[in-house]
**Student:** 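Structure provided below as structure tokens; questions to follow.
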Amino acid sequence: MLVRVRSRDGLERVSIPDPSRATVSTLKSLIQAQLAVPVSAQFLSLNRDLLLAKTPADALCFSDLSDPAALLSSLGVAHGSVVFLSYFDLPRSVSGAPPITPSGSFGRKMTMDDLIARQVRVSRQETPHCDTASFDRDAANAFQLYVNETLAFAVKRGGFMYGRVEDGGVVFVDFIYEPPQQGTEDSLFLLRDPDEEAFVEAIADGLGMRRVGFVFTQSVGRTGKGEYTLSAREVLQAAELHAEGGIEEWVTALVKLEVNEDGAADVHFEAFQMSDNCVKLFKDGLFVTEIGDDDNPRVSRMKKDVVVGVKDTREVDNDFFLVPVKISDHQGPLSTSFPVENRITTVTMRALKNHLDRTKHLPFVKRISDFHLLLLLARYLDVNADIPALTECVVGQTPVPEGYQLLIDSLAAAAS
């Protein structure tokens, strides 16, 4: 008697010399002898769904051929019958037979969409790569004061956070660069200036710092207020900037107004990381990037099905992508008393003169230990020679050479 044996590797045949006396144990021994699959590794069933089992525990659910003493004839196994065979961690190839892959309906060739849907799983990430995000008090205060007192949280505002990543995944945010931008209640459009960002990077490099994250605000009039942590637009933008950031400790910070127990509004900071899963989905181009005003802001839409739990879906709750990060604060090495770039009021040399006049009582190095001031100077000085010299003084808090003091004073005096 010939019995056909179907596995994920293809269709094979086993010859049974005495079918009237053959048992399940006999069949297993013959499979071992003729197909080189050890008895201990075999899972047999007449149910084709056995081939969909992903683990030995799943395969044990198919028990119709589990009694080794049962006669094959009593189980309906006859000449030409198909018996399904599963095994795990046993590489094999069947000559001349196409492999069988699991799919929604048995025997149907798996399409690329099926494969992506089964391989792309979305789950919560419990542990962030960044243990704690510590914000320089002055930098955080300067940012929230502007959005609270000047913008009144009516529109969104954002900035790139710069600082250091220390041992243990602690991120120190020492200054915030606010690029050119246009904010609305629900969207933040960054009008990025490559030349200005080159100045920023040169200053950060001289200070021994790097870009470590992005901070943004939520407006009080946002769509679906209070029903979600981040909107689909915010998740998409955060994932894009995280992917660009180039470090696994990248932090996404959120500033918003929250009503306290007394009914008054308090400014509230939160920090997250976008999950590894989220960043990979963005890099793989699976996010739907066109988001309409009528779309549900609580979910992100995918271009293809993904698996959330046991469900295939194209809509993922945004909270699945957020990994909370602890927040603390510190007093960093820089001051934040100089006017900030790209706000409503343009920063000019008049601001430099006013700042230097106001800080005459301080050592000159203290007077220029402000990122926003250095950014203004970078527009007029040599970014490859002068800026590194000045940042070296700032880092070491050493006296600024007299020639640079005269040069900076002359730039300020020109505003008179």
Side-chain angles (χ1 to χ4, degrees), residues 128-140 142-143 158-181 190 192-216 237-255 269 271-274 276 278-279 282-283 323 325-336 338 340-342 368-379 381-397:
H129 298 291
C130 168
D131 178 74
T132 304
S134 181
F135 291 82
D136 176 89
R137 299 183 194 98
D138 292 340
F143 183 76
F160 288 106
M161 303 187 295
Y162 281 77
R164 302 153 285 140
V165 180
E166 301 290 347
D167 293 340
V170 178
V171 172
F172 289 88
V173 178
D174 291 319
F175 71 82
I176 298 172
Y177 159 64
E178 299 178 23
Q181 58 194 276
L190 300 182
R192 297 172 66 174
D193 181 343
D195 293 333
E196 184 172 85
E197 289 191 26
F199 295 152
V200 176
E201 293 298 324
I203 295 167
D205 186 61
L207 295 172
M209 301 177 187
R210 63 156 298 144
R211 192 178 292 183
V212 295
F214 186 73
V215 58
F216 66 92
Q237 186 170 52
E240 178 182 9
L241 295 175
H242 189 142
E244 178 189 317
I247 57 171
E248 64 178 8
E249 297 88 356
W250 182 271
V251 175
T252 296
L254 168 64
V255 182
F269 275 75
F272 304 93
Q273 284 201 283
M274 308 312 292
D276 298 343
C278 175
V279 177
F282 176 81
K283 289 181 176 179
V323 189
V325 172
K326 294 181 292 186
I327 283 185
S328 65
D329 60 11
H330 67 277
Q331 190 64 55
L334 303 174
S335 66
T336 312
F338 193 76
V340 176
E341 63 285 341
N342 300 314
I368 67 166
S369 294
D370 187 309
F371 160 74
H372 306 287
L373 182 149
L374 292 172
L375 181 58
L376 178 65
L377 293 179
R379 302 180 184 277
L381 304 181
D382 188 333
V383 75
N384 297 313
D386 300 335
I387 294 301
L390 292 175
T391 53
E392 183 178 359
C393 295
V394 171
V395 169
Q397 287 297 289

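Any value given below was found using the heavy atoms of this structure, including those in side chains, with hydrogens, waters and symmetry copies removed.
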**Student:** Does any part of the side chain of Leu207, heavy atoms only, come nearer than 4.5 Å to the side chain of Val394, both counted from C-beta?
**Tutor:**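 Of all side-chain heavy-atom pairs linking Leu207 with Val394, at least one is under 4.5 Å.
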**Student:** Given 3.5 Å as the limit, does a donor-acceptor pair link the side chain of Glu341 with the main chain of Leu375, or not?
**Tutor:**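 No: the side chain of Glu341 does not pair with the backbone of Leu375.
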**Student:** Which of parallel (below 30°), tilted (30 to 60°) and perpendicular (above 60°) describes Tyr177 and Phe371?
**Tutor:**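 The rings of Tyr177 and Phe371 stand perpendicular, inter-plane angle above 60°.
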**Student:** Has Ser335 got a side-chain atom pairing as donor or acceptor with Ser369's backbone, closer than 3.5 angstrom?
**Tutor:**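 Yes; at least one donor-acceptor contact below 3.5 Å.
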**Student:** When you measure from the side chain of Asp131 to the backbone of Val170, do you find a donor-acceptor pair of N or O atoms at a distance under 3.5 Å?
**Tutor:**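 The answer is no, because no donor-acceptor pair under 3.5 Å joins these two groups.
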**Student:** Checking side chain to side chain contact (heavy atoms under 4.5 Å, CB included) for the pair Arg379/Leu377: CA distance, chi angles, key distance, verdict?
**Tutor:** CA-CA 5 Å; Arg379 302 180 184 277; Leu377 293 179; over 6 Å; no
**Student:** Answer whether the closest heavy-atom distance between the side chains of Val383 and Ile203 falls below 4.5 Å.
**Tutor:**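 Result no, sub-4.5 Å side-chain heavy-atom pair not found.
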**Student:** Could you report the tightest heavy-atom contact between Ala238 and Met274, atom names first, then the distance?
**Tutor:**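 So the minimum-distance heavy-atom pair works out to CB-SD, 3.7 Å.
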**Student:** Do Met209 and Asp174 have side chains that approach each other closer than 4.5 Å (heavy atoms only, starting at C-beta)?
**Tutor:**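 A side-chain contact under 4.5 Å exists here.
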**Student:** Which atom names give the shortest non-hydrogen contact between Phe282 and Ala243, and what distance separates them?
**Tutor:**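 Reported closest heavy-atom pair: CD2-CB, 4.0 Å.
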**Student:** Keeping to residues at least two apart or across chains, list the side chain to side chain donor-acceptor pair (under 3.5 Å) pairs with something in residues 381-394.
**Tutor:**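 Sorted result for residues 381-394: Asp386-Tyr404.
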**Student:** If you measure from CD on Gln331 to CG on Asp138, what distance do you get to the nearest 0.5 Å?
**Tutor:**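 That separation rounds to 4.5 Å.
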**Student:** Roughly how far, to the nearest 0.5 Å, is CZ of Phe216 from CG of Leu190?
**Tutor:**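 That separation rounds to 11.0 Å.
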**Student:** Measuring from atom CD of Glu249 to atom CZ of Arg164, what distance do you get when rounded to the nearest 0.5 angstrom?
**Tutor:**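 Here the interatomic distance stands at 14.0 Å.
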**Student:** Between Asn342 and Glu178, what is the shortest heavy-atom contact and its length?
**Tutor:**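 What the structure gives for the nearest pair is ND2-O, 2.8 Å.
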**Student:** For Thr132, give me all partners under side-chain hydrogen bond (donor to acceptor under 3.5 Å, both in side chains), at least two apart in sequence or on another chain.
**Tutor:**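 Per chain and number, Thr132 pairs via side-chain hydrogen bond (donor to acceptor under 3.5 Å, both in side chains) with no residue.
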**Student:** Using 4.0 Å as the upper bound for N to carboxylate O, is an ion pair formed by Glu197 and Arg211?
**Tutor:**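 Yes, this pair counts.
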**Student:** To the nearest 0.5 Å, what is the distance between CG (Leu254) and CZ (Phe269)?
**Tutor:**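 Going from the CG atom of Leu254 to the CZ atom of Phe269 covers 9.5 Å.
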**Student:** Taking all non-hydrogen atoms of both residues into account, name the closest pair between Val251 and Ala271 and its distance.
**Tutor:**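 Minimum heavy-atom separation between Val251 and Ala271: CG1-CB, 4.1 Å.
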**Student:** Under the criterion side chain to side chain contact (heavy atoms under 4.5 Å, CB included), I'd like the reasoning laid out for Arg210 against Ile247: C-alpha separation, chi angles, the key distance, then a yes or no.
**Tutor:** CA-CA 10 Å; Arg210 63 156 298 144; Ile247 57 171; 3.3 Å; yes
**Student:** Between Phe172 and His330, is a ring-ring contact (aromatic ring centres under 6.0 Å, His included) present by the stated rule, with each step listed?
**Tutor:** CA-CA 8 Å; Phe172 289 88; His330 67 277; 5.1 Å; yes
**Student:** Output the distance between atom CZ (Phe199) and atom CG (Leu374), rounded to the nearest 0.5 Å.
**Tutor:**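 Going from the CZ atom of Phe199 to the CG atom of Leu374 covers 13.0 Å.
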**Student:** Any donor and acceptor pair, going by atom type alone, linking the side chain of Gln273 with main-chain N or O of Trp250 inside 3.5 Å?
**Tutor:**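 Present.
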**Student:** Report yes if the side chains of Leu334 and Asp370 come closer than 4.5 Å at any heavy-atom pair, otherwise no.
**Tutor:**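 Of all side-chain heavy-atom pairs linking Asp370 with Leu334, none is under 4.5 Å.
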**Student:** Do Thr336 and Arg137 make a side-chain contact, defined as non-hydrogen atoms from C-beta onward lying under 4.5 Å apart?
**Tutor:**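 In short, these two side chains do not touch, never coming nearer than 4.5 Å.
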**Student:** Flag the pair Arg192 / Phe160 as yes when at least one side-chain heavy-atom distance between them is below 4.5 Å, and no otherwise.
**Tutor:**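 With C-beta onward as the side chain, the pair touches.
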**Student:** Any donor and acceptor pair, going by atom type alone, linking the side chain of Gln181 with main-chain N or O of Pro179 inside 3.5 Å?
**Tutor:**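 Here the side-chain-to-backbone pair exists.
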**Student:** Check whether any side-chain heavy atom of Asp136 sits under 4.5 Å from a side-chain heavy atom of Phe175, and report yes or no.
**Tutor:**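 The answer is no, as the side chains (C-beta and beyond) never meet within the 4.5 Å cut-off.
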**Student:** To the nearest 0.5 Å, what is the distance between OG on Ser134 and CD on Glu166?
**Tutor:**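 The CD atom of Glu166 is 10.0 Å from OG of Ser134, to the nearest 0.5 Å.
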**Student:** Does any N or O in the side chain of Glu196 come within less than 3.5 Å of the main-chain N or O of Asp193, such that one atom is a donor and the other an acceptor?
**Tutor:**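 No, Glu196 side chain to Asp193 backbone: no donor-acceptor pair under 3.5 Å.
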**Student:** Looking at Val325 and Pro128, what are the two nearest heavy atoms and their distance?
**Tutor:**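 Between these two residues, the closest heavy atoms are CG2-CB, 4.0 Å.
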**Student:** Grab the two heavy atoms, one from Ala204 and one from Tyr162, that are nearest each other, plus how far apart they are.
**Tutor:**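 Taking every non-hydrogen atom into account, CB-CD2, 3.6 Å.
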**Student:** Quick one: does Ile327's side chain get under 4.5 Å of Phe135's, heavy atoms only?
**Tutor:**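 Yes, at least one pair of side-chain atoms sits under 4.5 Å.
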